[in-house]
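This chain uses plain numbering: 1 for the first residue, then up along the sequence. Just so you know, ligand 1 is whichever comes first in the structure, and atom 1 is the first atom listed for that ligand. Just so it is clear, the values below take in all heavy atoms, side chains as well, and ignore hydrogens, waters and symmetry mates.
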Amino acid sequence: MSDKTYTMENIGKIPVHVSIIMDGNGRWAGERGLDRSAGHAEGVESVRACTEAAVEYGVKYLSLYAFSEENWGRPQAEVDALMLLMFKSMVEELSNFMENGIRFVVLGHREKLSDELNAVIDDCMRKTSGNDRLTLIVFLSYSGKWDILQAAKRYARDLIEHPDEAESMLGMGIDGFDRYLVTAGIPDPDIIIRTSGEMRLSNYLLWQGAYSELLFTDVLWPDFRKDEFLSALRTYSKRDRRYGKVK
Ligand code: IPE
Ligand code: IPE
Ligand code: MG
């Protein structure tokens with residue numbers, strides 16, 4: 001479907017939070033006889049394209065699964081190439097974030113990242129913190145089970161440190177626990193898209209994705225550009241979200 005098929009008028013209801021499991025970079029490179037890192041580099045272009053489209057169509061949160069806790073188990077050379085790519089991309093994109101009103105946020109097990117990478121992340125997050133057109137979240141060294149565990153540990157610590165508040169803390173509901181997850185303050189994803197034909201969550205947003213619409217596409221991440229993004233928005237607008245109720 002051509003780009004021009006989609007317009008602000010015909011795309012339908014725009015989700016507040018779009019989340020993407022960016023998968024298939026290695027296969028994209030393999031099909032071309034290139035090194036896997038070439039696929040990751042090309043994937044950055046897709047990030048740019050989707051970010052631009054999200055801003056243009058008024059999506060308020062775009063989150064991207066860039067590196068899972070399990071991805072640390074990949075060959076060191078690939079891990080190094082990915083980390084270098086993240087570093088370079090953040091340095092290069094800062095001016096673009098400022099020009100387009102993009103707040104940039106990295107969520108995940110930050111202690112595992114290098115000091116250099118953490119410094120550029122902090123700088124980017126601080127400088128863009130006042131932007132409010134789009135919040136772009138990159139999940140780095142993230143896993144859903146890790147997130148729930150770190151939340152439970154922080155909750156337990158609060159309980160120990162504030163025994164006077166124990167009763168109210170134990171009576172806490174879902175919203176109260178939400179505040180301990182790394183995504184505190186960010187609305188749950190309306191839709192989770194996974195590229196490359198894999199139909200699994202690979203430990204992504206296990207709690208927050210409880211009622212997300214799921215969309216699986218065969219398109220490999222480096223080929224997922226504006227048209228694909230808008231097509232996903234269109235698909236979302238046709239979904240009927242019932243949240244367990246009868247309509
Ligand atoms: C997604 O592409 C990027 C990361 C997981 C870091 P892959 O590298 O998983 O590509 P495939 O799945 O091997 O094709
Ligand atoms: C999931 O992709 C993680 C990211 C996209 C960052 P993987 O390629 O690591 O997932 P599996 O191994 O196919 O489940
Ligand atoms: Mg993969």
Side-chain angles (χ1 to χ4, degrees), residues 17-51 54 61-90 92-93 104-114 117-118 120-121 135-150 181-183 186 189 191-209 212-225 228-229 232:
H17 182 172
V18 176
S19 194
I20 311 180
I21 301 173
M22 310 183 288
D23 200 11
N25 296 352
R27 277 162 283 168
W28 184 93
E31 284 173 3
R32 287 160 181 78
L34 302 169
D35 189 71
R36 292 176 60 83
S37 59
H40 298 315
E42 192 62 26
V44 175
E45 297 304 319
S46 298
V47 170
R48 223 171 259 136
C50 292
T51 305
Y61 296 84
L62 174 64
S63 60
L64 306 168
Y65 198 13
F67 193 87
S68 70
E69 281 275 64
E70 290 77 15
N71 288 150
W72 289 113
R74 291 191 179 196
Q76 194 58 43
E78 181 172 351
V79 171
D80 291 346
L82 275 163
M83 292 301 149
L84 185 62
L85 190 63
M86 310 273 181
F87 182 90
K88 280 189 182 160
S89 304
M90 286 173 207
E92 280 170 20
E93 293 303 312
F104 179 75
V105 175
V106 169
L107 299 177
H109 199 168
R110 294 270 310 267
E111 292 84 350
K112 284 193 172 174
L113 306 177
S114 71
L117 184 55
N118 271 323
V120 75
I121 291 170
T135 298
L136 175 65
I137 303 149
V138 173
F139 285 94
L140 254 188
S141 190
Y142 180 85
S143 91
K145 287 192 179 184
W146 166 81
D147 193 5
I148 294 166
L149 182 63
Q150 69 79 30
L181 296 164
V182 293
T183 48
I186 295 167
I191 176 168
I192 297 177
I193 301 164
R194 183 170 188 151
T195 59
S196 87
E198 308 297 355
M199 291 190 233
R200 52 177 171 265
L201 289 175
S202 300
N203 213 350
Y204 187 52
L205 298 181
L206 299 180
W207 174 283
Q208 300 88 335
S212 303
E213 292 297 321
L214 303 177
L215 193 159
F216 299 102
T217 168
D218 287 338
V219 176
L220 302 175
W221 176 246
D223 291 326
F224 194 95
R225 297 290 163 91
E228 305 296 335
F229 186 82

Taking only non-hydrogen atoms of Ile21 and a 4.0 Å limit, the atoms of ligand 2 in range are 5 (C)
Within 4.0 Å of some non-hydrogen atom of Tyr65, the atoms of ligand 2 are 3 (C), 4 (C), 5 (C), 6 (C)
Taken to the nearest 0.5 Å, the spacing of Met199 CE from Thr217 OG1 works out to 10.0 Å
Going by heavy atoms in the side chains, are Phe87 and Leu113 under 4.5 Å from each other?
no
Hey, are the side chains of Val44 and Lys88 touching, using non-hydrogen atoms and a 4.5 Å cut-off?
-> no
With a 4.0 Å cut-off on N to O distance, would you call Arg225 and Glu228 a salt bridge? no
*asked:* So, 4.0 Å and heavy atoms of Gly24: is ligand 1 close enough to count as a contact?
replied: yes
Could you tell me if any non-hydrogen atom of Gly30 lies under 4.0 Å from any atom of ligand 1? no
Under 4.0 Å between heavy atoms, the region of Ala66 that gets near ligand 1 turns out to be backbone
Honestly, for Asn71 the part within reach of ligand 1 (heavy atoms, under 4.0 Å) is side chain
So the atoms of ligand 1 within less than 4.0 Å of a heavy atom of His40 turn out to be 3 (C), 8 (O)
The atoms of ligand 1 lying under 4.0 Å from a heavy atom of Arg36, numbered in the order shown, are 7 (P), 8 (O), 10 (O), 13 (O)
(message) Considering both backbone and side-chain atoms of Ser68, is one of its nitrogen or oxygen atoms within less than 3.5 Å of a nitrogen or oxygen in ligand 2?
(response) no
Using 2.8 Å as a strict upper limit, say whether an N, O or S atom of Asp23 approaches the Mg ion (ligand 3) that closely. yes
(request) Please report the C-alpha distance between Phe104 and Val138 in whole Å, then the side-chain angles of each, then the deciding distance to 0.1 Å, and finally whether the side-chain contact (heavy atoms from CB on, under 4.5 Å) criterion is met. (result) CA-CA 8 Å; Phe104 179 75; Val138 173; 3.7 Å; yes
Among all protein heavy atoms, pick the one closest to [atom] and tell me residue, atom and distance.
atom                    : value
atom 14 (O) of ligand 2 : Ser202 OG, 2.6 Å
atom 10 (O) of ligand 1 : Gly26 N, 2.9 Å
atom 5 (C) of ligand 2  : Met22 O, 3.3 Å
atom 2 (O) of ligand 1  : Asn25 N, 3.2 Å

> Relative to the ring of Trp221, is the ring of Phe224 parallel (under 30°), tilted (30 to 60°) or perpendicular (over 60°)?
Replying inline: parallel
Parallel, tilted or perpendicular: which describes the rings of Tyr204 and Phe139, with under 30° parallel and over 60° perpendicular? perpendicular
Counting distance only, does the side-chain N/O of [X] pair as donor-acceptor with the main-chain N or O of [Y] below 3.5 Å?
X      : Y      : value
Asp147 : Val182 : yes
Thr195 : Asp23  : yes
Arg27  : Ser196 : yes
Asn71  : Ser68  : yes

Check [X] against ligand 2 and report side chain, backbone, both or neither, counting heavy atoms closer than 4.0 Å.
X      : result
Arg200 : side chain
Phe67  : backbone
Arg194 : side chain

Heavy-atom proximity to atom 8 (O) of ligand 1, picking from Glu198, Arg74, Glu78, points to Arg74
message: Side chain or backbone, does Asp23 bring an N or O within less than 3.5 Å of an N or O on ligand 1?
response: yes
Requested in this report: Please check if any side-chain donor atom of Glu70 sits under 3.5 Å from a side-chain acceptor atom of Asn203, or the reverse.
Outcome: yes
>> Please tell me if atom 12 (O) of ligand 2 is touched by the protein, where touching means a protein heavy-atom distance below 4.0 Å.
In response: no
